[in-house]
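Contents: one structure, followed by commentary.
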Amino acid sequence: MKGWMSRFKAVFALTVMALILSGCGESFLSALQPSGEGASMLLDLMILSIVIMLFVFVIVMIIYVFVIFKFRQKKGQEDIVPKQVEGSHALETLWTVIPIILLLILAVPTIQYTFALADTSPETTEEGEELDQIWVDVTGSQYWWHFEYRDIEVTTSQELYIPTDRRVNLSMISDDVIHSFWVPTIQGKMDVNPTGNTNEMYIQAEEEGVYWGKCAELCGPSHSLMDFKIVAVSPGEFEQWVEDMQSVSGEEEPESETAQAGQQVFADNCMSCHAIGSSPNKAGPNLTNFADREKLAGVFDMNEENLREWIATKGEEMKPGNSMMDAPYDLSDEEINQVMEYLMTLSPSEITPESANNGIYEDSDLSGLFPEESEGEGEGNSDSEGNGDSESDSESGNNSEDDSEGDSSENSNDNSDNNSDE
Amino acid sequence: MADHTNSVENTDKHEFYKKKHREQMKHQVVTFVMMIAFTLIAFGLVIAEVSAMFTIPIILVLAAVQVLFQLYYFMHMNEEGHQWPAVMIYSGIFAAVLTILALTTITWW
Amino acid sequence: MSTTANQKAGIGSVLWDYLTTVDHKKIAILYLIGGMFFFLVGGLQAMLIRIQLVVPENEFLSAQFYNEVLTMHGTTMIFLAAMPLLFALMNAVLPLQIGARDVAFPFVNALGFWLFFFGGIFLNISWFTGGAPDAGWTAYAPLSVFSEGHGVDYYAIGLQISGFGTLMAGINFLVTVINMRAPGMTYMRMPLFTWTSFIASVLILFAFPALTVGLFLLTFDRLFGANFFNPDMGGNAIIWEHLFWIFGHPEVYILILPAFGVFSEVIPAFAKKRLFGYSSMVFATILIAFLGFMVWAHHMFTVGLGPIANSIFAVATMAIAVPTGIKIFNWLFTLWGGQIRMTSPMVFALGFIPTFTVGGMTGVMLASAAADFQYHDSYFVVAHFHYVIVGGVVLGIFAGLIYWWPKMFGTFLNEKLNHWFFWLFFIGFHLTFFLQHFLGLMGMPRRYWTFLEGQNLDLFNLISTIGAFFMAIGTLVFLFNVVKTQLKGEKVSGDPWDARTLEWSIPSPPPFYNFKQEPLVRGLDPLWIEKMQGNGKIQPAEPLGDIHMPNRSLTPFMISLGLFIAGFGIMYQGGMWVLAGIGFATTFGSMLYRSLKDDIGYHVHKEELEEEGDGSNG
Amino acid sequence: MAEDVLKSGNLPENPERATLEGRNKFMGFWFFLGGETVLFASLFGTYLALRNSNAEGPASEDIFGLGLVFIMTVLLLTSSLTSVYAMYHMKNNDFKKMQLWLGITVVLGLAFLGMEIYEFYHYVHGYEFGYTTSAFSSAFYTLVGFHGGHVAFGLLWIVSLMIRNAKRGLNLYNTPKFYIASLYWHFIDVVWVFIFTVVYLLGKVG
Ligand code: HEA
Ligand code: HEA
Ligand code: CUA
Ligand SMILES: [Cu+2]
């Protein structure tokens, strides 16, 4: 299908247009500068439609300009009565048929792409073997994002790490109102609906990088501040990140004394909503790798000043209407310092957004993440040579898909009641 | 507007209409009996717990036919002067069917 | 009636006159004033939006307030500005175009206006009682259900009240067109504005009930603890989206079709040519309406309905480009070979053609379901719909208003100022909205209270805001023009534009009974036919006789007032239930009064008519 | 001339459409019914989408008693027939008989409404199936309640017409009013046929 499109491109010298458009916006945010499979396909489709539209527009404009200049009433012509034409079958047929043809040209790839993008079945390698799939359960809440990697016991919030060697499948649900998950450079958006209505899609980054994500459905006062990031790292780095994250239990003692005191403060005041280490979705973001984040609460620069204001004011001014405003705690400046220091120790991994930008590529087939699966739900696959393209057993089924299917029946929801835990 | 005073002076005509009305009334009573019968059938199918696969389409069809009876006989859509009412009712039914289809099939799947 | 006579009449009696009028021409003026007022309010809100977005991380408005302004901007513009202004035009000219003395239900016509008026006031009272609705004009559940305060209640009840009014207006126009045409005015001789208004009324009839139900469900969820959209109790928020868009998509064609009608009147008049492809224009209108009912899910591509539904709706949506294209080309070929006069209505019509074409083309791009995953809820969509709405509906409204202004008021707007208005508004419009296409693709979602620095979105937003100021200045020029020319009050003849249709065959403004004798219509563009083949005067179809007229009545006002009061009772409950009682008692009491009292109108007698002169071109 | 329409006496065939006002009413009311079709379709659609979403509350199989509903159906169908009779006598210019049959229609309608109220009362108190119990219950009460509201409004309408015109007989001014009131009544019946089938029968079948 992509081949078909590329040939089309050649015919119309569309690359020129792509170049012009790509002058627009920032490479981490603009849909015109795609870095992922989905966004690239969509840009192709967009360019095809723009070309058709330009064609139509030019024709309309030629007639329009001609008519306005040619048939304008001149001085002294006031009494001329033009011929009263009723119509013309030939012309009318012409401008019925041509648009139909143009629309068909647009409709066919539209349908193909619509189906292609909805496909979350396992990818296959060139040899026809199925790749292991990574499934992430995404939860949107006012105004932050939560990510749980299925089967591999890693939980994180705000920043989603993905490997660049394969698609990552998302299964998305909302905890409250409708949100919409959009990373323009990687993939088109998909709504995140409340209970019962689970949505699935895949994302795939072709290059390493930190890509900005936005919430695209009005969800309350801080809708415009519900940013998140996709951190696309090489497979080796991803594997390492997962292992580092898995090793965090939340009990680790920080080194400095202030930080230890901070840990206590945190345990007393914050643990009801925030978790450290893998845990079910809570009322607030998971803070396991908080100190590695690029942004605080998704949008603010990560610095002491902002963090202090956030904790001291519960983000009241910073993110109006956010749910941390319900937190009952009342901390002294001292305690805030301590907890800040503690929070800044939460950096379990070498792999951070930095790693996505430093150009180092570490290879892996991620087999470490998919140990032999036991329950007979499908065979694991750990044998591979570890070169570029990962290979895996052809029988490797993916079972998480089945789980998600079950989710979409009405009323069966496993996310929404978790937030009241504790 | 002005012609009503003399239009029915003619008693023959009057008698003729009366007879026509009586004819119509007979149709309507038959319609009514059939509607009651349809209701009974539908009711019976459900009470007798005949297989759902069979019952559901049947009772829906019975309902639809009853509606047509109402429209054409009770509400006189079979008489002349009802072209526009028919157009609008059928357009309404068209929009109605789309709405119901949407809400029953693609609300979620 | 000259202005001086008007002033002598005294404010009180003028007020009473308008409160109780059932004359379609006066109701048109009421709609015009109401619609214009809300257009300015909505425009002011648009200016607030643009000022907030002039620089990144601006704090001119608070987040909550921004959402309220945004919601009220959309709601006001669509329901309280665009639709009433179109109703103003329909009321002013539709009966005249088909040679009728009034609409089919003059009483219901007044009722329709007062319901709209009180609905609009109700909605706007929310600003003063703790906050306007804040869930977007689409009010997606569950955000709209969870929304605190009473803002969304005002939305649901206010739109419900004005929605009833719209539905009645729709039925009224349908029956008017079917039953009230003058002799010889066959369906295929009706002017296109009448046709498109007729079809738009059909859309109203079948689209508004879905909104009615949606709003009821929302009200019940919020006020009476129902669970339609509450996921925890088995409800499903997607139901709202379907109901809203089953209404919402036909709604946009309800807006654009009458505007198309205006252009189909203005272009032939000033090209001095009959409309090219009249019958295909009618056919295209019907086809657009028909297809318009089957495409609503194109607003829901990203909801997750699945690829099958998305593909079906994508293709159905694209199909609408075909009949719309037929229209565009028919207009172009009406111009072809004509004698184009650059009057101000014509300039608006000519501005419309390329602008709407761009808007329609971005619409087709949006219809490409997969690509919409990128466009959806971004500024690309904002750009699309302002191109079709401002570039189509608003330009159409102003074209029609200027064109029929002499007919409505008997005076002329200043042509020069109108041209100034056009160019300021038109240039401002493109400045505001063209770059928004790119903003959307560059990653700016819509309904954003503020945008962050360092995303390269600053420049385009700045330009957009500057453009909005141009539009505001243009609008002010128009207001100035209205005030200036009305004070001057120069009278015009019955046919100042040298136009083609029936409404121009009677004096401006027309006498309250419109036509002294029912006109005899001999073809499409009847006045033009008489100008070419006759003496330029329409032949009467009947001898001079008594004219039956409806009585004036305060009842429509009372019925609407009752619902307005009841709305507060339902919303605040508790002790306020009393208000609900009083309100419903007023409404139902007035309805009962109406149905018990014989209201058979009165007659203007032949002798009085004879005294008034020959009734042509006064 | 206009006052003539108030004179009772000889009426033409189809008196409800003999005047322009009558034709307008007739046409407008039919169109209104077209709109009502969509209104009820939206309610039906909502109900169908939510009919199994009974959360923790009772499901349709648990509560619906078909016996009562069957009687209600027969009552309403019969009232439709009696209002046809009323129109039959109206066309024959027999005012007394028309009033009589309208009266019977009203009595049947009242009986229907009474039974509906009893039914709701029974669900609420016998099964704890209240308006806010579940999405299903909200959808059920809203759909059936809207219909009930229509019945109540129709009864008020017909009764006030009967009282208002009791002393003056039929004329060209009031025949359209009677006629459209009866159209309304039939439409209510049409809706009920579907409620009976879709809500109650399908509720039992599943
Ligand atoms: C007057 C109002 C109006 C009109 C006329 C239209 C016309 C069209 N609209 Fe638009 N639309 C809106 C008002 C309108 N729209 C609004 C308000 C929204 C946003 C609502 C919200 O979310 O708040 C919206 C949103 C909207 C969406 C959803 C976007 C999203 O939220 O993701 C889509 C998607 O398909 C769409 C499509 C179309 C199409 C295909 C047309 C077509 O009818 C256009 C047809 C016209 C042409 C195509 C031009 C002329 C034709 C030719 C010259 C012939 C040749 C052309 C071709 C072969 C292409 N519109
Ligand atoms: C008929 C419909 C209509 C019209 C005419 C307009 C007109 C305008 N709109 Fe509107 N708009 C909508 C319908 C419309 N809009 C809808 C439906 C939405 C979506 C809402 C939602 O998301 O829920 C929207 C959203 C919307 C947004 C997106 C907000 C967001 O997503 O965050 C923006 C931003 O630029 C905008 C701008 C404008 C501007 C600059 C105008 C200009 O054209 C306005 C020009 C008019 C004036 C400038 C008036 C000038 C007069 C004065 C200033 C004098 C005032 C004096 C007195 C009051 C006495 N609109
Ligand atoms: Cu979440 Cu907007
Ligand atoms: Cu649409």
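Proteins come first, then strands; the chains are lettered A, B, ... in the order of their sequence lines, and each starts at number 1.
- A side-chain donor-acceptor contact under 3.5 Å links D:S79 and D:W185.
- If you measure heavy-atom distances from C:M180 to chain D, the contacts under 4.5 Å come from the side chain alone.
- Side-chain atoms of C:R181 and C:Y187 include a donor-acceptor pair closer than 3.5 Å.
- When heavy atoms are compared at a cutoff of 4.5 Å, C:I178 approaches chain D solely by way of its side chain, counted from C-beta outward.
- Contact annotation for D:F32: both backbone and side-chain heavy atoms come within less than 4.5 Å of a heavy atom of chain C.
- For C:N179, the parts lying under 4.5 angstrom from a heavy atom of chain D are both the backbone and the side chain.
- Between D:Y123 and D:F140, the distance from one ring center to the other falls under 6.0 angstrom.
- A distance-only check finds a donor-acceptor pair linking the side chain of D:N174 to the backbone of D:N171 [under 3.5 Å].
- Proximity to chain D (any heavy atom under 4.5 Å) is shown, for C:L205, by both the backbone and the side chain.
- C:E241 and C:H299 form no side-chain donor-acceptor contact under 3.5 Å, judged by distance and modelled atom types alone.
- With a 4.5 angstrom heavy-atom cutoff, C:L211 does not touch chain D via any of its atoms.
- Under the 6.0 Å distance and 45° angle rule, D:R168 does not count as a cation-pi partner of D:Y173.
- For D:T142, the part lying near chain C is the side chain, with the backbone staying farther off; criterion is any non-hydrogen pair under 4.5 Å.
- In this structure, chain C has no heavy atom under 4.5 Å from any part of D:F26.
- Contacts between D:T37 and chain C at a heavy-atom distance below 4.5 Å are absent for every atom of the residue.
- D:H147 and D:W192 are not linked by any side-chain donor-acceptor pair at a separation below 3.5 angstrom, with hydrogens and angles left out of the test.
- Annotation: maximal heavy-atom pairing with chain C below 4.5 Å, among D:F40, D:F136, D:F146, D:W157, occurs at D:F146.
- Under the 4.0 Å criterion applied to side-chain N and carboxylate O atoms, C:R101 and C:D23 are not assigned as salt-bridge partners.
- The greatest number of non-hydrogen atom pairs below 4.5 Å with chain C, out of D:V38, D:L39, D:N24, D:T132, is found for D:N24.
- Under a 4.0 Å N-O distance rule, the pair C:R552/C:D599 does not qualify as a salt bridge.
- Interface remark: C:I246 contributes no atoms to any contact with chain D (heavy atom separation under 4.5 Å).
- Contact annotation for C:F206: both backbone and side-chain heavy atoms come within less than 4.5 Å of a heavy atom of chain D.
- Between chain D and the options C:F208, C:F588, C:F216, heavy-atom pairs under 4.5 Å are most frequent for C:F216.
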